[in-house]
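The structure appears below as structure tokens.
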Amino acid sequence: MTSIADLRKSYERAELDETASHADPLQQFDQWLQEAIAGEVPEPNAMTLATVGSDLRPSTRVVLIKGYDARGIVWYTNYASRKGHELAGNPYAALQFHWVELERVVRIEGVVEKVSNEESDAYFHSRPLDSRIGAWASPQSEVIPGRGVLVANAAKYAAQFLLQPPRPPHWGGYRLKPDHWQFWQGRRSRLHDRLRYTLDADGAWTRDRLAP
């Protein structure tokens, strides 16, 4: 049986050079995300979201990016979940994308705010019907006695709303407004490429190379 300590990989697919990267981190992110999609990386839209609670304990979970532009990175979830409670108390959070097949990682930090009701409504009504019912059926992060609770709730709300479930008041979008980006490209001999973008007080981005 192979020891986990002996598992190693040589990173040799690509490089990340200051002269070839974008000055704007959003453009660099868009390029890498589109390459991940084009390369058929499994779930290229999956990102890890890290939050910190009032007890100062960090927690992570995987969510799906649903939009991005100059305003920030958007995802949707239950506001009453653990992450929702933690963001209500501490709006600073971090995101991470890991595209294993491309040997790339993107890390993003910033402050989080809720998106507008109009944005949440528009996205909610674009979802499949069973996903919209599921938003009502699941009391996310709460203790439940068994899966039967979810099944019963789904049947209840399906009967109540039929084909037109409204957006639940406890469900909607968040937008992380980045002030810090890092792009990591695996390289041979563990001499990886790592570029950091930091938002200056005047709104400009400063790009630095960090030791891996």
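Computation of the quantities below employed the complete heavy-atom set of this structure, encompassing side-chain atoms and omitting hydrogens, waters and symmetry-equivalent molecules.
In the model, S59 has no side-chain atom that pairs as donor or acceptor with a side-chain atom of R57 under 3.5 Å. For the residue pair S10 / E12, a side-chain donor-acceptor distance below 3.5 Å is found, with atom types taken as modelled. For the residue pair E35 and Q31, a side-chain donor N or O sits within less than 3.5 Å of a side-chain acceptor on the partner.
Heavy atoms only, all atoms of each residue included: R104 and A14 are closest at NH2-CB, 4.4 Å. A pairwise comparison of heavy atoms in L56 and P58 identifies O-CD, 3.5 Å as the closest pair. Taking all atoms of both residues into account, the shortest heavy-atom contact from R13 to L102 is NH2-CD2, 3.6 Å. Nearest heavy-atom pair, R207 versus S21, reported as atom, atom and distance to 0.1 Å: NH1-OG, 2.9 Å.
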Working for side chain to side chain contact (heavy atoms under 4.5 Å, CB included), residues R71 and E113: CA-CA 11 Å; R71 297 173 297 168; E113 63 184 15; over 6 Å; no
Stepwise side chain to side chain contact (heavy atoms under 4.5 Å, CB included) test for L87 and K114: CA-CA 10 Å; L87 287 170; K114 290 181 179 178; over 6 Å; no
Residues N78, S138; criterion side chain to side chain contact (heavy atoms under 4.5 Å, CB included); working and verdict: CA-CA 9 Å; N78 189 316; S138 175; 5.8 Å; no
Audit row: Q160, W136, side chain to side chain contact (heavy atoms under 4.5 Å, CB included) steps and yes/no: CA-CA 11 Å; Q160 178 178 343; W136 282 95; over 6 Å; no
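Put simply, the side chain of Q96 never gets that close to the backbone of T48: no donor and acceptor are under 3.5 Å apart. Of the possible polar contacts, none joining the S189 side chain to the L191 backbone as a donor-acceptor pair under 3.5 Å is found. Not one N or O on the side chain of R147 forms a donor-acceptor pair closer than 3.5 Å with the backbone of V151. With hydrogens and angles ignored, the 3.5 Å screen pairs no side-chain donor or acceptor of E109 with any backbone N or O of D179. One N or O on the side chain of S120 and one on the backbone of G173 form a donor-acceptor pair closer than 3.5 Å. With hydrogens and angles ignored, the 3.5 Å screen pairs no side-chain donor or acceptor of Q140 with any backbone N or O of A135. Between the side chain of W99 and the backbone N or O of P44, at least one donor-acceptor pair lies under 3.5 Å. Between the R61 side chain and the R82 main chain, no donor and acceptor come within less than 3.5 Å of each other. No donor-acceptor pair under 3.5 Å is formed between the side chain of W171 and the backbone N or O of Y76. A donor-acceptor pair is defined here as one N or O able to donate and one able to accept, closer than 3.5 Å; no such pair exists between the side chain of R107 and the backbone of R196.
The line from CG of L26 to CD1 of I73 is 6.5 Å long, rounded to the nearest 0.5 Å. Here H125 contributes atom NE2 and R167 contributes atom CZ; the two are 8.0 Å apart, rounded to the nearest 0.5 Å. The structure places CG of D193 at 4.5 Å from CZ of R187, a figure rounded to the nearest 0.5 Å. From L162, atom CG reaches atom CD1 of I133 across 8.5 Å, with rounding to the nearest 0.5 Å. Between the OG1 atom of T77 and the NZ atom of K66 there is a distance of 11.5 Å, given to the nearest 0.5 Å. Rounding to the nearest 0.5 angstrom, the gap separating the CD atom in E86 from the OG atom in S54 is 8.0 Å.
Within the 4.5 Å cutoff, no side-chain heavy atoms of D30 are placed close to those of H22. Side-chain contact check for Y157 versus P165: every heavy-atom pair is 4.5 Å or farther apart. Proximity of L163 to L129: side-chain heavy atoms (C-beta onward) are separated by under 4.5 Å at one or more points. Proximity of R8 to D6: side-chain heavy atoms (C-beta onward) are separated by under 4.5 Å at one or more points. A heavy-atom distance below 4.5 Å is not found between the side chains of Y79 and P169. For the pair E103 and H192, the minimum side-chain heavy-atom distance is 4.5 Å or more. Residues L150 and P139 are in side-chain contact: their nearest non-hydrogen atoms beyond the backbone lie under 4.5 Å apart.
Note on L199 and V112: same hydrophobic cluster, where clusters join Ile, Leu, Val, Met, Phe, Trp and Tyr whose side-chain heavy atoms are under 4.5 Å apart, directly or indirectly. Cluster membership check: W75 shares its hydrophobic cluster with I37, using side-chain heavy-atom separations under 4.5 Å among Ile, Leu, Val, Met, Phe, Trp and Tyr. In the hydrophobic clustering of this structure, L49 does not group with V52; members are Ile, Leu, Val, Met, Phe, Trp, Tyr whose side-chain heavy atoms approach within less than 4.5 Å, directly or through other members. No continuous path of hydrophobic side-chain contacts links V105 to Y197 [ILVMFWY only; heavy atoms under 4.5 Å]. Both Y123 and V74 are assigned to one and the same hydrophobic cluster, defined by single-linkage of ILVMFWY side chains at heavy-atom distances under 4.5 Å.
Heavy-atom neighbours of E43 CD from other residues, nucleotides or ligands within 6.0 Å: at or below the threshold of 12. Other residues, nucleotides and ligands contribute more than 12 heavy atoms inside 6.0 Å of the CZ atom of F161.
Using a 4.0 Å cut-off between charged nitrogen and carboxylate oxygen, E18 and R209 count as a salt-bridge pair.
Every pair passing ring pair (Phe, Tyr, Trp, His ring centres under 6.0 Å) that includes a residue from residues 23-53 is listed here, sequence neighbours excluded: F29-Y68, F29-F97, F29-W181, W32-F183.
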